[in-house]
Amino acid sequence: MGRYRPLRADIDLDALRHNYRLAQAQAGSGRCLAVVKANAYGHGATACAHALADLAPAFAVAMIEEADALRDSGITHPIVLLEGFFSPAELPLIAEQGYWPAVHQAWQVDALLAARPARPINAWLKLDSGMHRLGFSADEAVTQWQRLAACSHVQGLHLITHFATADGADDAAQQQYERQRACVTDVVERLNALGYEVPCCLANSPATVRGNAQGAWHRPGIILYGAAPCDPKVRSVSLKTVMTLRSRLIAIRSLAAGEPLGYGRGFIAPHAMTVGIVACGYADGYDRHAREGTPVLVGGQRSRIVGRVSMDMLTIDLTDIVAPTLDSDVVLWGRAEDGTVLAVDEVAQGCDTISYTLMTGVSARVPRRYHRS
Ligand SMILES: *Cc1c(COP(=O)(O)O)cnc(C)c1O
C-alpha cells in the first residue's frame, strides 16, 4: 500500500517524544504511562511504543489483544489493560506477561482471588468517582481493596479513576471535576486510616495538563499525539504536531457560476471558481461530516472543503490559492512543508467531532511513514 497513491500519514516520532516529556514535566513526582490504545490513536502502536520505550516506564492499552501486539514487537514494559479483562481465562496470560489489569466488577475480584497465577498480578482497582462509566462506588472500592490487599498473589495494588470533565471550562464541568477529586481523597483517606498505602492513577491528558490531580501515575493519551487536551480557557500547552495527513491534488477543475460539484449537488458554485480534487476520502478516515469551509492547506495556504466528501476523494476551493499545481502538498491536518500548521482540532470542529475520532479513524489503507524531526 502507498507506493503509488500520494495519501499518507507522516508521523514525527521526535514530536511524540517532546510531547511525552512535556506530559512528564506536568506530572510532578508521578510517572506517566504512555497510552497507546487504538493503535496509538491511529499513529501505529508498535512504532510509537518503541519510540517512547526509553522514556516511558509503562504503557496502557484497552485490552489484551493490543498488549499482545506490543509484546510480540519486543516491548517488555508493564502494560496496563484499561478495560480490564473479560473472562477469568485471561488471568494466566495476564500474570505471565506482566499485564496490569483494571478491575471494576465484583466478579473480577472474585476471579482474581480464586486464580492460582504463576506470578503475582498487579491489579488496578477502579473507583467510580462520578463519571458513572466503570468502577466501584466509594464504599465498594474500600471493601474490594481490602479483599485484594489480603490476597498473596495480588501485588502492587493501585487505585485508578477517570475524570469526566477535566477538559471542560464551564462551571458544571469544574464542579464535577472537584467533586470527583474529593471522592478520591475520601477513599484514599479511609484506606490510609485502615493502614493501607494507596498509590493512585488519576489523571488523563486534561487533568495532567491542569497539574492538580497528582498521583503515582498519570495516563496521558491525546497530548502525546499533540492535540489540545482541554478547553484553552482551562490551560494550553506547547505541544508539537505528531501526525500530518497529507496527499496531493489529482485534478484541478474550473466551475462556471451555477455548476454543481460532487454527490447530491452538495455544492453549487456561486461564481466562476477553481476547485481541486484531493486523493483522500472517508474510506481513508477523513470525516464525511466535514462542513463546507472546513480548512485544508494547499502548499501551506489555507483552503476549504467544498462539496461532499466521497469515499476516495474530497474537493476543495482553489479560487484564492496562489499557483496550485498537481504537485502541491495538500495537508488535511498537521504540518505543511513550509512549517504552517493546521491543527487537527480545527478540522475536528469543522466535522462536529473531536481530534480523537479523526486520528483513530485514519484507516489501514493509509500508509504511516515514520520520521524524526
Ligand atoms: C483513553 C484513556 C485515557 C487517555 O485519555 P486522554 O484523554 O487521551 O488523555 C486515560 N484513561 C483511560 C481509562 C482511558 O480509557
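Note that the coordinates shown come from a computational prediction; the quantities given were computed from them, not determined experimentally. We count ligands from 1, going down the list as the structure has it; atoms in each ligand are counted the same way. Scope of the values below: all heavy atoms of this structure, side chains included, with no hydrogens, waters or symmetry mates.
- Salt bridge status for Glu292 with Arg304: present, with a side-chain N to carboxylate O gap under 4.0 Å.
- Ionic pairing of Asp128 and Lys126 is not present here: no N-O contact between side-chain nitrogen and carboxylate oxygen is shorter than 4.0 angstrom.
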Legend entry - Audit row: Ser73, Thr46, side-chain hydrogen bond (donor to acceptor under 3.5 Å, both in side chains) steps and yes/no: CA-CA 7 Å; Ser73 79; Thr46 55; 5.1 Å; no
Inset, instruction - Check the pair Val362 / Asp284 against side-chain contact (heavy atoms from CB on, under 4.5 Å), numbers first and verdict last. - result: CA-CA 6 Å; Val362 174; Asp284 301 302; over 6 Å; no
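- Every protein residue with a heavy atom nearer than 4.0 Å to ligand 1 is included here: Lys37, Tyr41, Leu82, Lys126, His162, Asn204, Ser205, Arg219, Pro220, Gly221, Ile222, Tyr356.
- The side chain to side chain contact (heavy atoms under 4.5 Å, CB included) test applied to Thr360 returns Ala38, Tyr41, not counting sequence neighbours.
- Taking the charged nitrogens against the carboxylate oxygens, Lys240 and Asp12 have no contact shorter than 4.0 Å, which rules out a salt bridge.
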